*Asks:* 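Before I ask anything, let me first share the structure, which is written out below as structure tokens.
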Amino acid sequence: MSDERSLRDIRLAKLARMRELGHDPYAVERFERSDSAENLVAKAESESTESVMFAGRVVSYRLMGKAGFAHLSDGDGKIQGYFKKDDLGEVGWELYQLLDIGDHVGVEGELFRTRTGEPSIHVRRLTPLSKSLQTLPLGKEKDGESWYGLTDTEQRYRHRHLDLLSNAEARRKLVARAKLTSAVRRFFDGRGYLEVETPLLQLVAGGAAARPFTTHYNAYDLDVKLRISLELYLKRLICGDLPKVYEIGRVFRNEGVSNRHNPEFSLLEFYEAYTDLEGMMETVEDLFRAVATEVFGTTVVRFDDGTELEFGGRWRRVVLLDEIERLSGVPKAALGSLEAAKVALGEREVVNPATGKRIVAEEEHTLGGLIEKLLEVFVEPTLQEPTFVIGYPIETSPLAKKEPGNPKMTRRFEGYIRGREVCNAFSEINDPVDQRERFEQQLGQRAKGDEEAHPMDEEFLYALECGMPPTGGCGIGIDRLAMILTGADTLREVIFFPTMKPEKGEAAE
RNA sequence: GGGCCGUUAGCUCAGUCGGUAGAGCAGCUGACUCUUAAUCAGCGGGUCGUAGGUUCGAGUCCUACACGGCCCA
């Protein structure tokens, strides 16, 4: 073999030789495996010498003359194979010598322990199941510490299969996210909720403050939008007397990418008739307890930084305006109007504790905007343990019922964990006249240039006019939830294929 | 949108003052029938992100752009 050929050409030549030997790896369709690598290792450790079959990817390879070793990985675990010329025969031995790290093989042999005690398979028969034509970024490891491997973040996201097969921690987070989603489904299914699917293509993309993606439906020669939330269609189902519904679905928001934003993400929304905020809070508590137990096996979740959070009990509950008063010194009484709030802020020289800079009230155009700013600066950092923050301003809550005693605030709460919002819930407006007024206020903001203001939705209003029972509703971003529970630094660590800009030459025509 | 940083072999990374490209792993050849970051001997491998500019000469300096990362808004 010439040294000048590419690594890929060399592997193609090995593939051709395997075929000459009558072992075309790509021709094999089926290979029974006795057990997982993890379980086989456990059996061998307990001195079992039973005959087993196993298949996996070659992740290490050590040849010593007329015998050798290779570790085979099934993705979650690995077990060492011992290959000896005397046992494999001429053809089998040549097949072993033609292996590369990255190939898939099937082996048959007995469990045993090597002289150094490592649980292994003494291989009697070797079946190539796939040739890897590419060198894989598989790191080496010793004492649990790995060398090399794939660390370039961009490559990890663009070639996620390499990340999954080579980085155990990345794999763990992504798998935990997938399990989390199915745990959520089991939770609601077990509580008598109906899982439903509602349209992704919508004429009016509502239910949230965000800019939609637009696409075109050729058959109707119609511009349509991709949904930005699930809310309005789900509430139309409540109006159809389906009293407990939920949906887990992809929504799309036409905005930038960051640690906490991906333009497409998975949203869980659930709605239950005849319940209120307290009912929703209890459901959220139960949901987190169930999910933590299923995904992590415990309600005490431990994070990489050593902190632990308990999801077994009742969450802390605080009222937003009370917390702002307590933490910023701005009296609740001054938060009744934008003018009074600006005066109060001006008198007190309220300082952002994180930056040391004064809060400039003049930058805010609405009372709601100012209150949310104070929430972000003063309250959010204090919300480490699971906490519900109750009572949000009306301008930013166009679908939530008004507070009976304070029409500038709404019956809405958000759940926080480790300073980050994990859910958003309210007592849904079921007064069609109130809802129409809210939409009209939103249209006013839209006219002033707020592209994220909520559009009018006449079909939704018609459903409300037909009668919607009192209803509690809640939305939870599955990706952010997975991020928080797995301790990931960025959303992209819990999305298999995060949105990336195309590399040069990769863009579609 | 702004600032900073990164982009060199399949992977992880060096590269000094501007002088024609380096290591480990992976690969190839050989030795080795219990290794495990196997070992030992030898060998090959580069559009230095892209495009310009300065210079006798650019991985290195300058400009623009692309992609990514971090921070800020």
Side-chain angles (χ1 to χ4, degrees), chain A residues 1-14 17 41 44 58-73 78-90 92-93 96-103 109-110 112-124 131-159 161-163 165-167 255-261 352 354-357 359-360 363-364 373 376-377 489-493 498-507:
Chain A
M1 284 185 206
S2 160
D3 295 346
E4 270 104 68
R5 287 180 304 169
S6 70
L7 300 180
R8 186 168 180 276
D9 287 342
I10 291 164
R11 293 192 174 204
L12 280 169
K14 289 180 182 175
R17 180 58 187 155
V41 165
V58 176
V59 294
S60 73
Y61 183 83
R62 294 174 294 284
L63 168 66
M64 291 153 299
K66 298 184 178 62
F69 293 88
H71 276 99
L72 306 182
S73 164
K78 61 185 177 182
I79 185 165
Q80 179 174 255
Y82 174 52
F83 304 80
K84 203 159 69 158
K85 186 177 182 184
D86 297 344
D87 301 324
L88 293 166
E90 288 295 332
W93 183 243
Y96 172 75
Q97 292 178 92
L98 289 167
L99 292 181
D100 285 297
I101 288 173
D103 293 356
E110 311 88 53
F112 79 115
R113 293 176 69 156
T114 62
R115 257 174 229 163
T116 55
E118 173 155 355
S120 306
I121 300 173
H122 189 138
V123 178
R124 306 288 175 177
K131 188 82 192 144
S132 171
L133 301 181
Q134 300 284 341
T135 56
L136 303 185
L138 281 165
K140 299 201 165 191
E141 59 181 56
K142 187 186 188 182
D143 305 328
E145 200 180 339
S146 64
W147 274 254
Y148 320 112
L150 188 67
T151 62
D152 184 281
T153 311
E154 181 175 355
Q155 298 308 317
R156 288 183 47 231
Y157 296 156
R158 289 195 194 277
H159 308 299
H161 61 288
L162 296 178
D163 194 31
L165 68 87
S166 62
N167 291 326
E255 50 198 36
V257 169
S258 79
N259 278 357
R260 289 167 189 70
H261 296 85
N352 181 335
T355 63
K357 290 186 191 162
I359 305 289
V360 185
E363 288 171 1
E364 297 300 334
K373 169 120 189 168
E376 184 190 323
V377 171
D489 297 325
T490 143
L491 210 58
R492 291 174 155 204
E493 293 296 329
T499 303
M500 303 285 284
K501 262 200 180 185
E503 290 179 290
K504 212 171 186 178
E506 198 190 4

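Since the structure is predicted, the reported quantities are computational estimates derived from the model, not experimental observations. Every chain is numbered from 1, with letters handed out A, B, ... down the list of sequences.
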*Asks:* With A:Arg124, which residues qualify under salt bridge (charged side-chain N to carboxylate O under 4.0 Å, His left out), at least two apart?
*Replies:*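 A:Arg124 satisfies salt bridge (charged side-chain N to carboxylate O under 4.0 Å, His left out) with A:Asp87, A:Glu110 only.
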
*Asks:* Measure from CG on A:Asp100 to P on B:C11 and round the result to the nearest Å.
*Replies:*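 Rounding to the nearest Å, CG of A:Asp100 and P of B:C11 are 16 Å apart.
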
*Asks:* How is A:Gly68 classified with respect to the nucleic acid when contacts are heavy atoms under 4.0 Å: base, sugar-phosphate, or nothing?
*Replies:* nothing

*Asks:* Considering just the side-chain nitrogens and oxygens of A:Arg62, establish if one lies under 4.0 Å of OP1 or OP2 belonging to B:C32.
*Replies:*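 Checking A:Arg62 against B:C32: no side-chain N or O falls below 4.0 Å of OP1 or OP2.
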
*Asks:* Please check if atom CZ in A:Arg17 has more than 12 non-hydrogen atoms from other residues, nucleotides or ligands closer than 6.0 Å.
*Replies:*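 Yes.
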
*Asks:* Mind checking what makes ring pair (Phe, Tyr, Trp, His ring centres under 6.0 Å) contact with A:Tyr61, not counting sequence neighbours?
*Replies:*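 In terms of ring pair (Phe, Tyr, Trp, His ring centres under 6.0 Å), with neighbours along the sequence ignored, A:Tyr61 is linked to A:Tyr96.
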
*Asks:* If each of A:Ser60 and A:Arg115 is mapped to the nucleotide of RNA chain B with the nearest heavy atom, which maps nearer the 5' terminus, i.e. the 5' end?
*Replies:* A:Arg115

*Asks:* P atom, B:C40 versus B:A26: distance in rounded Å?
*Replies:* 12 Å

*Asks:* Among all residues two or more places apart in sequence or in another chain, which pass the ring pair (Phe, Tyr, Trp, His ring centres under 6.0 Å) test with A:His71?
*Replies:* none

*Asks:* Between A:Arg158 (CZ) and B:C11 (P), how many Å, whole number?
*Replies:*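 Going from A:Arg158 (CZ) to B:C11 (P), I get 14 Å.
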
*Asks:* A:Leu136 has an atom CG; how far is it from atom C1' of B:U12, in whole Å?
*Replies:*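 Going from CG in A:Leu136 over to C1' in B:U12 covers 15 Å.
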
*Asks:* What does A:Tyr61 touch in the nucleic acid at a heavy-atom separation under 4.0 angstrom: a base, only the sugar-phosphate, or nothing?
*Replies:*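 Nothing, no nucleic acid heavy atom in range.
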
*Asks:* What is the distance, rounded to the nearest whole Å, between atom CD1 of A:Ile79 and atom P of B:C34?
*Replies:* 20 Å

*Asks:* Considering every strand and a 4.0 Å limit on heavy-atom distances, what is the contact class for A:Leu63: base, sugar-phosphate, or nothing?
*Replies:*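 Base: the residue A:Leu63, judged by heavy atoms under 4.0 Å, touches a nucleobase.
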
*Asks:* Between B:C34, B:C67, B:U12, which nucleotide gets closest to the side-chain atoms of A:Leu150?
*Replies:*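 Side chain of A:Leu150 sits closest to B:U12.
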
*Asks:* Quick one: A:Tyr157 OH to B:G68 P, roughly how many Å, whole number?
*Replies:*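 After rounding, the reported distance stands at 11 Å.
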
*Asks:* With pairs taken as Watson-Crick or G-U wobble and both distances under 3.5 angstrom, which stems of at least three consecutive pairs involve RNA chain B?
*Replies:*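 Stem segments, range with range: B:1-7 with B:66-72, B:10-13 with B:22-25, B:27-31 with B:39-43, B:49-53 with B:61-65.
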
*Asks:* Compare every heavy atom of A:Pro119 with every heavy atom of A:Ala44, then report the nearest pair and how far apart it is.
*Replies:* CB-CB, 3.5 Å

*Asks:* Reckon A:Thr151 touches a base, only the sugar-phosphate, or nothing at all at heavy-atom distances under 4.0 Å?
*Replies:*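 Sugar-phosphate, backbone atoms only, no base.
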
*Asks:* Under the 3.5 angstrom rule, does the side chain of A:Arg158 hit a backbone N or O of A:Pro502 as a donor-acceptor pair?
*Replies:*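 Side chain of A:Arg158 to backbone of A:Pro502: no pair is present.
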
*Asks:* Rounded to whole Å, how long is the line connecting atom NE2 of A:His161 with atom C1' of B:G10?
*Replies:* 13 Å

*Asks:* Contact class for A:Glu118 (heavy atom, under 4.0 Å): base, sugar-phosphate, or nothing?
*Replies:*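 Base, at least one base heavy atom under 4.0 Å.
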
*Asks:* A:Gln80 near the nucleic acid: base, sugar-phosphate alone, or nothing, with a heavy-atom cut-off under 4.0 Å?
*Replies:*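 A:Gln80: base contact, heavy atoms under 4.0 Å.
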
*Asks:* Name the residue closer to the 5' end of RNA chain B, choosing between A:Glu154 and A:Lys85 according to the nucleotide with the nearest heavy atom.
*Replies:*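 Per heavy-atom nearest nucleotide, the more 5' residue is A:Lys85.
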
*Asks:* Considering residues at least two apart in sequence or located in another chain, which fulfil the side chain to side chain contact (heavy atoms under 4.5 Å, CB included) criterion with A:Leu7?
*Replies:*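 Checked A:Leu7 against side chain to side chain contact (heavy atoms under 4.5 Å, CB included); matches are A:Thr135.
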
*Asks:* When the P atoms of B:G53 and B:G59 are considered, how many whole Å apart are they?
*Replies:*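 One P to the other, the span is 15 Å.
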
*Asks:* Taking only the P atom of each, what is the distance from B:C17 to B:C43 in whole angstrom?
*Replies:* 31 Å

*Asks:* Please identify each residue that fulfils salt bridge (charged side-chain N to carboxylate O under 4.0 Å, His left out) with A:Asp163, with sequence neighbours left out.
*Replies:*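 A:Arg156, A:Arg160.
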
*Asks:* In whole Å, measure the gap between the C1' atoms of B:C13 and B:G6 for me.
*Replies:*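 My reading of the C1' atoms in B:C13 and B:G6 gives 13 Å.
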
*Asks:* For A:Arg492, answer base if it contacts any base atom (sugar-phosphate contacts may also be present), sugar-phosphate if it contacts only those atoms, and nothing otherwise; contact means non-hydrogen atoms under 4.0 Å.
*Replies:*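 Counting heavy atoms under 4.0 Å across all strands, the contact made by A:Arg492 is with sugar-phosphate only.
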
*Asks:* Does a side-chain N or O from A:Lys140 land closer than 4.0 Å to OP1 or OP2 of B:A26, or not?
*Replies:*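 Indeed, a polar side-chain atom of A:Lys140 lies that close.
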
*Asks:* The side chain of A:Lys14 lies closest to which of these nucleotides: B:C28, B:A38, B:C34?
*Replies:*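 Of the options given, the side chain of A:Lys14 lies nearest B:C28.
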
*Asks:* Might you point out which heavy atoms bring A:Arg492 and A:Pro498 nearest each other, and give the distance in Å?
*Replies:* CG-CB, 3.7 Å

*Asks:* For A:Gln97 and B:G30, what is the distance between atoms CD and C1' respectively, to the nearest whole Å?
*Replies:* 13 Å

*Asks:* Between B:G27 atom P and A:Leu138 atom CG, what is the distance in whole Å?
*Replies:* 11 Å

*Asks:* Counting only side-chain heavy atoms from C-beta out, which of B:C11, B:U35, B:G27 sits nearest to A:Leu7?
*Replies:*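 Minimum distance to the A:Leu7 side chain belongs to B:G27.
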
*Asks:* Using a 4.0 Å heavy-atom cut-off across all strands, classify A:Asp152 as base, sugar-phosphate, or nothing.
*Replies:* sugar-phosphate

*Asks:* Taking the side chain of A:Thr135 as its heavy atoms from C-beta onward, which of B:G10, B:U12, B:C32 lies nearest to it?
*Replies:*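 Among the listed nucleotides, the one closest to the side chain of A:Thr135 is B:G10.
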
*Asks:* Within the pair A:Asn259 and B:C71, is there a side-chain N or O less than 4.0 Å away from OP1 or OP2?
*Replies:*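 For A:Asn259, the contact criterion (side-chain N or O under 4.0 Å from OP1 or OP2 of B:C71) is met.
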
*Asks:* Expressed as a whole number of Å, how far does the P atom of B:U12 sit from that of B:A73?
*Replies:* 32 Å

*Asks:* Please lay out, stage by stage, how A:Arg62 and A:Phe83 fare under the test side chain to side chain contact (heavy atoms under 4.5 Å, CB included).
*Replies:* CA-CA 10 Å; A:Arg62 294 174 294 284; A:Phe83 304 80; over 6 Å; no

*Asks:* Taking atom C1' in both B:G45 and B:C71, what distance in whole Å separates the two?
*Replies:* 39 Å

*Asks:* When the C1' atoms of B:A66 and B:G52 are compared, how many Å lie between them, rounded to an integer?
*Replies:*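 Here B:G52 and B:A66 have their C1' atoms 15 Å from each other.
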
*Asks:* What's the gap between B:C28 and B:G44 when it is taken at their P atoms, as a whole Å value?
*Replies:*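 Straight-line distance between the two P atoms is 16 Å.
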
*Asks:* Can you find a side chain N or O atom of A:Lys501 that sits less than 4.0 Å from OP1 or OP2 on B:G69?
*Replies:* no

